[in-house]
Amino acid sequence: MLNDVEKVLISEEEIKQIVKNLGKKISEDYIGKNLLMISVLKGSILFMTDLMRAIDIHCRIDFMAVSTYAGGLKSSGVAKIIKDLDMPIEGYDILVVEDILDSGITLSYILELLAARNPASIKICTLLDKPERRKNGLQADYVGAVIPDEFVIGYGLDYDERYRNLPFVGVLKESVYRE
Ligand code: IMP
Ligand code: MG
């Protein structure tokens with residue numbers, strides 16, 4: 001598996017520091033609020049479990065999964081809920097936890113869906129942000145690291161459902177795509 005990695009973009013140590021800083025900031029910002037962290041499966045699971053340990057105020061967690069279908073050549077923005085939340089979110093201060101903010105299409109769909117359920121507030125926390133790729137004006141409230149437009153894997157992020165278990169974020173060798 002390690003042979004498929006072109007280079008390490010964010011090391012395990014750097015991830016730890018990023019997560020620690022985000023956790024501290026979120027803990028301060030959400031004092032006296034009703035924090036519910038929502039992880040979008042599956043890419044954000046490692047980030048979610050580390051981030052919640054870096055938060056020292058009360059919080060709840062829930063999970064959802066969606067799939068986006070590319071309608072024809074372009075991404076249509078049509079998405080489907082694969083797994084919905086377990087609990088109603090009315091009155092909660094929602095923090096959507098994402099692995100990476102790319103085109104923003106998936107997340108804007110999720111935000112629309114969640115907003116319709118009357119939460120007290122909704123914010124986004126993403127480990128990685130690829131602003132160059134954005135197709136809408138979506139911006140995250142908490143960003144771990146801004147990265148260039150390269151396909152990354154590891155720390156939850158996959159290529160063909162693999163590499164999620166790498167403890168760092170890396171760039172995949174081109175030869176892997178071409179196989
Ligand atoms: P989008 O913002 O709707 O384009 O989709 C974001 C989703 O695409 C993320 O949650 C990832 O699952 C996936 N994704 C986008 N960029 C990458 C990448 O560089 N590596 C792995 N998955 C990615
Ligand atoms: Mg994925």
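Numbering of ligands and ligand atoms starts at 1, following listing order. In this text the structure is predicted, and so the values were computed from the model without any measurement.
Remark: ligand 1 atoms within the under-4.0 Å shell around heavy atoms of S103 are 1 (P), 2 (O), 3 (O), 4 (O). Atoms of ligand 1 found under 4.0 Å from any heavy atom of T106 (numbered from 1 in listed order, with element): 1 (P), 3 (O), 5 (O). Taking every non-hydrogen atom of I105 and a distance limit under 4.0 Å, the qualifying atoms of ligand 1 come out as 2 (O), 3 (O). Of all atoms in ligand 1, listed by their number and element, those nearer than 4.0 Å to a heavy atom of K130 are 16 (N), 17 (C), 18 (C), 19 (O). Every atom of ligand 1 is numbered from 1 in the order shown, and the set under 4.0 Å from a heavy atom of D99 is 9 (C), 10 (O), 11 (C), 12 (O). If you number the atoms of ligand 1 from 1 as listed, the ones under 4.0 Å from a heavy atom of D158 come out as 21 (C). Which parts of ligand 1 touch E150 is read off a 4.0 Å heavy-atom cut-off, strictly below it: atoms 19 (O).
No donor-acceptor contact under 3.5 angstrom links the side chains of D99 and Y155, judged on distance only.
Contact detail for L172 and D4: the closest heavy-atom pair is CD1-O, 3.6 Å. Listed here is the closest heavy atom pair of V5 and G170: CG1-CA, 4.5 Å. The minimum heavy-atom distance linking E14 with L9 is given by the pair OE1-O, 4.0 Å. Residue F151 comes nearest to D158 through the heavy atom pair CZ-O, 3.4 Å, listed as atom of the first residue, atom of the second, then distance.
Where the criterion is an N or O separation shorter than 3.5 Å, residue side chain and backbone included, L107 fails it with respect to ligand 1. Residue G104 places at least one N or O, backbone or side chain, under 3.5 Å from an N or O of ligand 1.
Heavy-atom distances between K135 and ligand 1 stay at or above 4.0 Å for every pair.
Put simply, the side chain of I38 reaches to within 4.5 Å of the side chain of M64, judged on heavy atoms.
When each of D29, T126, N21 is tested with Y142 by the rule side-chain hydrogen bond (donor to acceptor under 3.5 Å, both in side chains), just one qualifies, namely D29.
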